[in-house]
Amino acid sequence: MKLEEKAVIFDLDGVICFTDKYHYQAWKALADKLGIYFDEKINNRLRGVSRMASLEIILERADKTYTQEEKEAFAEEKNDNYKELLKNMKESDLSEEVKTTLEELRARGYLLAIGSSSKNTKFILGQLGLGDFFDAIADGTDITHSKPDPEVFLKAAEKLGMKPEDCAVVEDAKAGIEAAKAANMTALALDGDARDCGMQDYNLEGFFDLLNILPGAGE
Ligand code: B16
Ligand code: MG
């Protein structure tokens with residue numbers, strides 16, 4: 001398959017980098033404190049889902065209900081803990097495969113953007129040495145509706161000045177593939193439940209496979 005798209009929008013967590021273990025540690029600390037069962041399988045359901053929606057998934061197993069104020073305090077506590085853990089991320093956490101593929105796509109003339117649910121996107125990109133790399137960033141701070149709503153990808157396309165149909169999206173989560181299709185974009189599944197959801201246009205063999213299907217933005 002060869003695509004004719006002119007721009008590529010990347011999900012962040014699970015595509016450019018891997019923060020799952022930090023999300024897991026921070027949510028686990030909160031769940032343990034509240035006496036709620038939480039494991040890595042439940043953590044998988046949080047991929048691509050917003051912070052408050054993630055909390056609601058964890059609270060499904062709580063034996064009491066919490067007020068909105070309490071929930072916001074829980075989310076803030078988790079995020080403070082998570083941000084401390086993110087300080088461990090460094091430039092060497094960006095894989096050579098991701099780095100060289102991104103550089104080659106840029107050399108081939110593609111516009112490159114991030115479309116992430118995370119409100120910590122800019123901090124994470126900075127830690128990875130990608131603070132100034134992307135042509136546009138749309139993240140959790142730009143949107144009111146999280147994936148599977150298409151808002152974050154439509155916002156990224158708008159910031160790039162591109163039509164949705166000229167954008168391909170790279171995602172690891174089902175919610176992200178659904179969002180890409182709802183945005184009328186080409187959905188490329190990299191991993192995880194994105195590959196199992198049946199809504200994607202193409203399964204990537206790995207990040208480098210982008211170079212096989214994206215021959216050049218002007219071609
Ligand atoms: P934050 P993505 C998502 O990022 C994560 O996959 C998801 O697990 C997390 O809950 C969400 O960001 C919000 O993150 O708490 O940092 O705002 O996959 O859309 O890049
Ligand atoms: Mg993701």
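Counting from 1, the numbers follow the sequence of the chain as shown. Numbering of ligands and ligand atoms starts at 1, following listing order. The shown structure was predicted, so the numbers you read here are calculated from the model rather than taken from an experiment.
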Positive for salt bridge (charged side-chain N to carboxylate O under 4.0 Å, His left out) with R47, one of D191, D13, D20
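Output: one option passes, namely D20.
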
Heavy-atom nearest neighbour of atom 20 (O) of ligand 1 within options A53, S116, A179
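Checking each option, the heavy atom nearest atom 20 (O) of ligand 1 is found in S116.
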
If you take the nearest heavy atom of each of S117, S54, G115, C17, which one is closest to atom 19 (O) of ligand 1?
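Among S117, S54, G115, C17, the closest heavy atom to atom 19 (O) of ligand 1 comes from S117.
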
Can you tell me which residue and heavy atom of the protein come closest to [atom], and the distance to 0.1 Å?
{"atom": "atom 6 (O) of ligand 1", "value": "G48 N, 2.7 Å"}
{"atom": "atom 15 (O) of ligand 1", "value": "R51 NE, 2.8 Å"}
{"atom": "atom 8 (O) of ligand 1", "value": "L46 O, 2.8 Å"}
{"atom": "atom 3 (C) of ligand 1", "value": "D13 OD2, 3.7 Å"}

Name of the D11 N, O or S atom nearest the Mg ion (ligand 2)?
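Atom name returned: OD2.
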
To the nearest 0.5 Å, tell me how far L214 CG sits from D209 CG.
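Taking CG in L214 and CG in D209, the distance rounds to 9.5 Å.
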
Say you draw a straight line from NZ of K83 to CD1 of I124; how long is it, rounded to the nearest 0.5 Å?
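Result: 11.0 Å between the selected atoms.
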
Test: R45 and D193 ion pair at under 4.0 Å
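Judged by the 4.0 Å cut-off on N to carboxylate O distance, R45 and D193 do not form a salt bridge.
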
Which atoms from ligand 1 have a heavy atom of [X] less than 4.0 Å away?
{"X": "K119", "result": "1 (P), 16 (O), 17 (O)"}
{"X": "L12", "result": "20 (O)"}
{"X": "D11", "result": "2 (P), 18 (O), 19 (O), 20 (O)"}
{"X": "Y82", "result": "16 (O)"}

Quick one: does [X]'s side chain get under 4.5 Å of [Y]'s, heavy atoms only?
{"X": "C17", "Y": "L94", "answer": "no"}
{"X": "Y66", "Y": "L55", "answer": "no"}
{"X": "N120", "Y": "R51", "answer": "yes"}

If only atom types and distance count, is the side chain of K28 paired as donor or acceptor with the main-chain N or O of F38 below 3.5 Å?
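Answer holds: yes.
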
Any side-chain to backbone donor/acceptor pair from D32 onto A29? Under 3.5 Å, distance only.
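Between the backbone of A29 and the side chain of D32 there is no qualifying donor-acceptor contact (under 3.5 Å).
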
Going by atom types only, do D93 and N88 share a side-chain donor-acceptor pair under 3.5 Å?
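Their side chains do not contain a donor-acceptor pair, so the 3.5 Å distance test is not met.
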
Metal site angle (apex the Mg ion (ligand 2)), OD1 from D172 and O from D13, 10 degrees
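Between OD1 of D172 and O of D13, the angle at the Mg ion (ligand 2) is about 90°.
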
Answer yes or no: does an N/O atom from V49 fall short of 3.5 Å to an N/O atom of ligand 1?
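N/O-N/O distance below 3.5 Å exists for this pair.
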
If I apply the N/O under 3.5 Å rule, does N120 come out as touching ligand 1?
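N120 vs ligand 1: N/O contact under 3.5 Å present.
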
Work out whether the distance between some heavy atom of K147 and some atom of ligand 1 is less than 4.0 Å.
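It does; at least one heavy atom falls under 4.0 Å.
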
N/O/S of E171 less than 2.8 Å from the Mg ion (ligand 2)?
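So E171 does not bind the Mg ion (ligand 2) by this criterion.
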
